[in-house]
Amino acid sequence: MSKKPGNNATRKGASASGPSAKGNAATPRRGKGSSANALSTPAKVVIIIFAVLMVVSLMMPTLSTAFSNSQQAEQGNSQDASSDGGSGSDSSSNSSHASSADASPTTGVAAVDAKYQGTVSELESKLASDGTNLATLLNLGRNYMRWGASVRAASSAEDDVAHGNDLLEKAIGYYERYLGLKDSDAVRVDIALCKLYEGETSEAQSDLETLTQNSPTYAPAWANLGMIQEYSGNADAAKASYQAAIDSDPNDEYGAKSYATQRIAALESSSSSAAPSSPATSTTPSSSGETGAKGLTDTLNNLSGTGL
């Protein structure tokens, strides 16, 4: 009877101690749970910021190295590009030189043709709408004369000589059309010059001799006749014609007096009566290199009074 209470007591004690043990085990769990729940939102933000800063600081050496390598690579590429650009510049320069060489001005007969072709084309278009325009006919005659004489002076090749003579014949054709509408001693002088540049010296001289007989006071005819006579080597005849030009142009209205005086002085100062190398050499030097292109027509001021 006395043992039963002890056993019951023991069970009660065990039973009493059970809840205590459970209580001790449960206490830490509650402590952990309340500590986590105790972190406020600002604290969490601060922790995250520090974590990020730490990661960034750890990555800085790697980023610095990568950035440095990237800069070096970019500099290398820039130098390569600059080098390529320099080569391109050289190529461009070479191309420019080549283009400049290709675009160099033409010379000789081609240059003469290029100079007159546009002007003559415009004049012919104008004449097509008014075939009796004296000014246009006169300009066409003179441009063709200068063009043809320039071609003859630029080249002695057979084809070029033929080309020059064709142009001179066109000049004569326009001059004759002019004379069909209006008589002009100046135009007759130009026709004689065309024949002279074609190489028909005798015919040119004959025309001028006829003109001086028909118009004895027309000084340019005498001056041009003297030029042809000098060119042909007949100094005495040339002096006489030049003197007639001086007498016919006392006020130097046409410039014939100045020109004739100059030629007489040149002939008298020479020990021989050697002819000048070409009719143009004894008349008008050309700044465009077209020796032989102009003759006395441009040397004398307002040759005919119809100069344009």
Side-chain angles (χ1 to χ4, degrees), residues 138 141-142 145-146 148-149 152-153 168 171-172 175 178-179 182-287 290-308:
L138 185 63
R142 288 184 173 173
M145 180 182 72
R146 294 167 188 172
R152 286 294 308 266
L168 290 166
I172 292 174
Y175 282 142
Y178 183 98
L179 291 175
K182 180 181 179 181
D183 191 28
S184 168
D185 289 340
V187 170
R188 294 185 188 280
V189 167
D190 282 352
I191 290 176
L193 286 173
C194 287
K195 294 178 180 180
L196 174 66
Y197 294 134
E198 284 182 302
E200 302 295 336
T201 306
S202 297
E203 190 174 349
Q205 182 172 329
S206 178
D207 285 355
L208 289 172
E209 288 173 344
T210 300
L211 181 56
T212 56
Q213 292 171 7
N214 295 333
S215 300
T217 60
Y218 186 61
W222 285 111
N224 278 282
L225 177 58
M227 178 191 70
I228 293 178
Q229 291 166 333
E230 181 183 355
Y231 174 68
S232 300
N234 192 342
D236 291 338
K239 287 180 183 179
S241 295
Y242 287 144
Q243 187 59 55
I246 294 171
D247 295 340
S248 301
D249 190 22
N251 298 321
D252 209 21
E253 179 184 356
Y254 295 105
K257 178 181 179 179
S258 297
Y259 173 77
T261 301
Q262 175 192 358
R263 295 317 308 157
I264 289 175
L267 288 170
E268 290 179 346
S269 66
S270 177
S271 58
S272 63
S273 56
S277 58
S278 72
T281 303
S282 65
T283 56
T284 305
S286 173
S287 60
E290 299 174 18
T291 304
K294 298 182 179 180
L296 192 58
T297 300
D298 285 343
T299 302
L300 304 180
N301 295 326
N302 192 22
L303 180 63
S304 63
T306 58
L308 302 176

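All values below were derived from every heavy atom in this structure, side-chain atoms included, with hydrogens, water molecules and symmetry-related copies excluded.
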Point to revise | Atom pair CZ (R142) and CG (D190), whose distance is rounded to the nearest 0.5 Å | key: 5.0 Å
Study note, to complete from the structure: Sorted by chain and residue number, the side-chain hydrogen bond (donor to acceptor under 3.5 Å, both in side chains) partners of N214 (sequence neighbours excluded) come out as none
Check your understanding: Sequence neighbours excluded, which residues qualify as side-chain hydrogen bond (donor to acceptor under 3.5 Å, both in side chains) partners of E200?
Key -> none
Check your understanding: Under 4.5 Å between any side-chain heavy atoms of N224 and L196, yes or no?
Key -> no
Practice item. Please round to the nearest 0.5 Å and tell me the distance separating atom CZ of R188 and atom CG of L208. Key: 11.5 Å
Exercise for review: Supply the atom-to-atom distance Y175 OH to L138 CG, rounded to the nearest 0.5 angstrom.
Suggested key: 6.0 Å
Exercise for review: Under the salt bridge (Lys or Arg N to Asp or Glu O under 4.0 Å) rule, collect the residues that match up with K195, sequence neighbours excluded.
Suggested key: E203, D207
**Study point:** Any donor-acceptor N or O pair under 3.5 Å, side chains Q213, E209
**Key:** no
Practice item. Could you pull out the closest heavy-atom pair between L267 and A235, with the gap in Å? Key: CD1-O, 4.2 Å
Review point. For T217, which residues count as a side chain to side chain contact (heavy atoms under 4.5 Å, CB included) partner, sequence neighbours excluded?
Key: none
**Study point:** CD on Q229 to NZ on K239, rounded to 0.5 Å
**Key:** 13.0 Å
Review point. Is it true that Y254 and Y218 have ring centroids separated by less than 6.0 Å?
Key: yes
Point to revise | By side-chain hydrogen bond (donor to acceptor under 3.5 Å, both in side chains) - contacts of S215 (at least two apart) | key: D185
**Study point:** Check: I228 main-chain N/O paired with S232 side-chain donor or acceptor under 3.5 Å
**Key:** yes
Review point. Okay, side chain of D249, backbone of A245: is any donor-acceptor separation there less than 3.5 Å?
Key: no
Check your understanding: Hey, is the main chain of M227 close enough, under 3.5 Å, to the side chain of Y242 for a donor-acceptor pair?
Key -> yes
Check your understanding: Considering residues at least two apart in sequence or located in another chain, which fulfil the side-chain hydrogen bond (donor to acceptor under 3.5 Å, both in side chains) criterion with S258?
Key -> D252
Check your understanding: Are the side chain of W222 and the backbone N or O of Q243 linked by a donor-acceptor pair below 3.5 Å?
Key -> no
Point to revise | Contact summary for A219 and A256, nearest pair of heavy atoms | key: CB-CB, 3.7 Å
Review point. If you measure from CD1 on I191 to CG on L179, what distance do you get to the nearest 0.5 Å?
Key: 5.0 Å
Exercise for review: Enter the distance from N234:CG to D236:CG here, rounded to the nearest 0.5 Å.
Suggested key: 6.5 Å
Review point. Any donor-acceptor pair under 3.5 Å linking the side chain of T210 with the backbone of S206?
Key: yes
Review point. What are the two closest non-hydrogen atoms of A221 and V189, and how far apart are they?
Key: CA-CG2, 4.0 Å
Review point. Which pair of non-hydrogen atoms, one from L168 and one from C194, has the smallest distance, and what is that distance?
Key: CD1-O, 3.9 Å
